[in-house]
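Read the structure below first, then the notes.
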Amino acid sequence: MTKELTFLCISTYFKGNEFLRACKQAGNRVFLLTNKKLEHRPWAREAVDEFFYVEEKPDGSIDIQEIILGLGYAMRSRKIDRIVALDDFDVEKAAHLREHFRIPGMGQTTGRLFRDKLAMRMKAEEAGINVPLFSSLFNDNDVFEFTQKVQFPCVVKPRSEASATGIRKVHNSEQLWEVVHYLGERRPEYLVEQFRPGDVYHVDSLTVGGQPIFTRCSRYLSTPMEVAHGGGVFRSMTVEVGSEEDLALKEMNEQVLKAFGMKFSASHTEFIRDHATGKFIFLETASRVGGAHLAEMVEAATGINLWREWANIETAMARNLEYTLPEVQNMYAGILISLTRQRYTDPMIFDDTEVCWRMDEEFHVGVIVKSESQERVKELLDKYAQVVFDGYHASAPVPDKPTN
């Protein structure tokens with residue numbers, strides 16, 4: 001009889017229900033550590049054996065020592081075999097807890113590579129992977145030398161925020177120094193890098209034994225940064241399977257994951273194809289499933305549910321079992337999501353037969369389409385973007401901090 005294992009899943013943002021369900025279906029005991037203010041969200045409660053809650057401090061942060069003390073008390077009567085972070089903001093928490101309680105899995109040094117953008121840049125550059133020109137903000141002379149060799153514009157980025165939150169674009173050295181001085185004591189938490197205009201891609205993978213066993217490449221038609229800072233409709237679609245860009249992205253993604261020490265997990269990695277040179281440049285990676293319902297888009301194109309298979313991989317690795325990937329389909333899919341002026345939107349504004357998912361959320365509208373034809377997917381995304389712009393679209397200022 002297979003021994004029951006206990007998984008502590010950490011998700012201080014509301015996401016990961018499909019992982020929780022799959023983890024439970026695999027015969028595990030499942031604990032969920034989440035933010036107290038998310039207590040009444042529609043979690044997959046049927047899949048969770050026990051909830052643990054942590055309170056935010058007034059500045060929105062969470063005290064890791066408080067988690068350690070609480071978990072230490074809980075572990076007096078409960079054994080925890082594995083810890084899994086379901087969101088970017090929990091990767092470092094999970095790594096810290098694994099090291100403190102000596103639980104197998106990704107430790108703090110490796111975990112930081114999938115969370116800290118400065119660590120990502122330095123490790124990728126060390127491995128010979130193409131990255132934008134960048135600099136930390138620790139030292140004034142280093143920043144000055146960066147301004148002497150970079151071609152503006154540049155972007156100042158938080159090292160550990162997700163999506164486009166907190167990014168500032170600067171067009172000359174004077175503006176850069178203004179931002180550096182504005183950041184004050186917080187400047188070590190940021191980096192600066194050259195802004196390289198180009199098409200942005202995301203590569204969603206599952207890795208086992210240090211080798212990506214499933215990869216799907218997609219291109220943003222409207223990037224998260226463009227949408228967050230300029231308003232607009234978020235769109236992404238599958239790139240042509242087997243094309244030059246598909247093969248190049250898969251090769252570069254594998255280089256990144258190998259260099260960063262990925263052993264097994266889901267991952268979401270972003271690259272830009274520089275308009276000036278045509279070369280791919282590494283932007284960032286994360287050891288989790290992509291947000292913004294990209295997992296649903298990947299599933300529409302391939303039949304692979306990234307959340308579910310990630311849970312199955314974690315279970316197989318914990319039990320020293322072989323993992324088998326389900327059969328992969330080769331369809332094309334695309335997603336569109338927008339804020340709306342209306343609280344609720346009639347989902348049937350998307351009425352073509354290729355529609356396979358519609359978003360059901362207040363002040364949002366969204367759709368996923370799939371087809372055997374990539375051209376048909378692009379045609380539908382263009383059509384629906386116009387529909388949304390004409391009658392529904394709204395935009396909001398980008399927040400300084402992500403919101404639940």
Side-chain angles (χ1 to χ4, degrees), residues 1-54 67 70-71 73-91 93-95 97-98 101 103-106 204-208 213-214 263-268 286-291 293-296 298-299 302-327 357 360 404:
M1 182 177 177
T2 303
K3 176 189 173 185
E4 181 184 65
L5 299 177
T6 299
F7 279 73
L8 173 66
C9 300
I10 307 177
S11 189
T12 51
Y13 286 74
F14 179 63
K15 61 172 56 177
N17 270 341
E18 192 60 33
F19 183 101
L20 299 174
R21 293 189 183 101
C23 195
K24 186 64 177 176
Q25 289 168 4
N28 300 308
R29 195 177 185 203
V30 179
F31 296 159
L32 176 64
L33 172 65
T34 188
N35 199 320
K36 177 65 176 177
K37 69 181 183 181
L38 302 180
E39 180 178 2
H40 301 295
R41 296 298 294 270
W43 294 104
R45 298 180 187 279
E46 74 283 0
V48 179
D49 293 279
E50 194 166 355
F51 283 84
F52 299 98
Y53 299 104
V54 61
I67 296 177
L71 192 57
Y73 182 82
M75 288 179 66
R76 295 178 187 180
S77 56
R78 307 162 183 85
K79 181 173 173 59
I80 293 175
D81 298 288
R82 292 293 187 274
I83 299 176
V84 182
L86 303 183
D87 184 73
D88 249 4
F89 291 92
D90 302 314
V91 168
K93 298 182 191 73
L97 294 174
R98 289 188 199 104
F101 292 105
I103 292 172
M106 188 182 290
D204 298 280
S205 295
L206 296 169
T207 296
V208 175
I213 60 166
F214 169 83
K263 299 302 182 187
F264 58 90
S265 182
S267 61
H268 175 80
S287 58
R288 45 85 177 170
V289 172
H293 297 282
L294 293 175
E296 287 89 335
V298 171
E299 184 174 12
T302 66
I304 299 298
N305 183 297
L306 293 170
W307 287 108
R308 185 183 307 130
E309 296 313 314
W310 180 19
N312 290 336
I313 288 169
E314 292 280 354
T315 300
M317 297 303 100
R319 293 178 177 167
N320 293 315
L321 299 175
E322 184 176 347
Y323 168 81
T324 302
L325 181 73
E327 183 178 353
W357 177 88
D360 181 19
N404 281 302

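These values consider heavy atoms only, across backbone and side chains, with no hydrogens, waters or symmetry-generated copies.
- Inter-residue side-chain proximity for Glu299 and Asn305 is flagged as met; some heavy-atom pair is nearer than 4.5 Å.
- Annotation for Ala85 and Trp310: closest pair O-CH2, 3.2 Å, computed over non-hydrogen atoms.
- You'll find the side chain of Leu8 reaches within 4.5 Å of the side chain of Leu71, heavy atoms only.
- Across all their heavy atoms, Ala22 and Asn312 have their closest contact at O-OD1, 4.2 Å.
- Atoms OG1 and CD, from Thr302 and Glu309 in turn, are 9.5 Å apart once rounded to the nearest 0.5 Å.
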Exercise for the section: Let me see the working for Asp90 and Leu33 under side chain to side chain contact (heavy atoms under 4.5 Å, CB included), right down to the final yes or no. Expected result: CA-CA 10 Å; Asp90 302 314; Leu33 172 65; over 6 Å; no

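- Here the OG1 atom belonging to Thr315 is positioned 9.0 Å from the CG atom belonging to Leu321, to the nearest 0.5 angstrom.
- Side-chain contact between Glu39 and Phe51 is absent, with no heavy-atom pair separated by less than 4.5 Å.
- Side-chain atoms of Thr207 and Ser265, non-hydrogen and from C-beta on, never get closer than 4.5 Å to each other.
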Exercise for the section: Under the side chain to side chain contact (heavy atoms under 4.5 Å, CB included) rule, what do Val208 and Leu325 come out as? Steps first, then yes or no, please. Expected result: CA-CA 10 Å; Val208 175; Leu325 181 73; over 6 Å; no

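- Looking only at distances, a side-chain donor or acceptor of Asn17 sits under 3.5 Å from a matching main-chain atom of Pro42.
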Exercise for the section: Could you walk me through whether Phe52 and Ile67 pass the side chain to side chain contact (heavy atoms under 4.5 Å, CB included) test, one step at a time? Expected result: CA-CA 10 Å; Phe52 299 98; Ile67 296 177; over 6 Å; no

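- Taking 4.5 Å as the limit, some side-chain heavy atom of Glu46 sits within range of a side-chain heavy atom of Arg21.
- At least one donor-acceptor pair under 3.5 Å links the side chain of Arg98 to the backbone N or O of Met106.
- Of all the heavy atoms in Ile80 and Ile83, the pair that sits closest is CG2-CG1, 4.1 Å.
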Exercise for the section: May I have the step-by-step check of side chain to side chain contact (heavy atoms under 4.5 Å, CB included) for Phe31 and Arg78, ending in yes or no? Expected result: CA-CA 10 Å; Phe31 296 159; Arg78 307 162 183 85; 4.0 Å; yes

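- In this structure, Asp88 and Tyr13 have side chains that are not in contact, with every pair of non-hydrogen atoms separated by 4.5 Å or more.
- Looking at Asn28 and Arg319, their side chains do bring a donor and an acceptor atom within 3.5 Å of each other.
- To the nearest 0.5 Å, atoms CD (Glu4) and CG (Asp49) are separated by 7.0 Å.
- Considering CD of Glu18 and CD of Glu296, their distance stands at 9.0 Å, rounded to 0.5 Å.
- In plain terms, the two heavy atoms of His268 and Val289 that are nearest each other are CB-C, 4.5 Å.
- Contact record, Pro326 with Ile304: O-CD1, 3.8 Å, taken as the closest heavy-atom pair.
- Of the inter-residue distances, the one linking Thr34 atom OG1 with Phe14 atom CZ reads 9.0 Å to the nearest 0.5 angstrom.
- A distance of 11.5 Å separates OG1 in Thr6 from CZ in Arg82, rounded to the nearest 0.5 Å.
- For the pair Asp87 and Arg288, the salt-bridge criterion is not met [side-chain N within less than 4.0 Å of a carboxylate O].
- When all heavy atoms of Pro104 and Asp81 are compared, the pair lying nearest together is CD-O, 3.9 Å.
- Using modelled atom types, no side-chain atom of Lys15 and backbone atom of Ser11 make a donor-acceptor pair closer than 3.5 Å.
- Relative orientation of the Trp307 and Phe19 rings is perpendicular, given thresholds of 30° and 60° on the angle between their planes.
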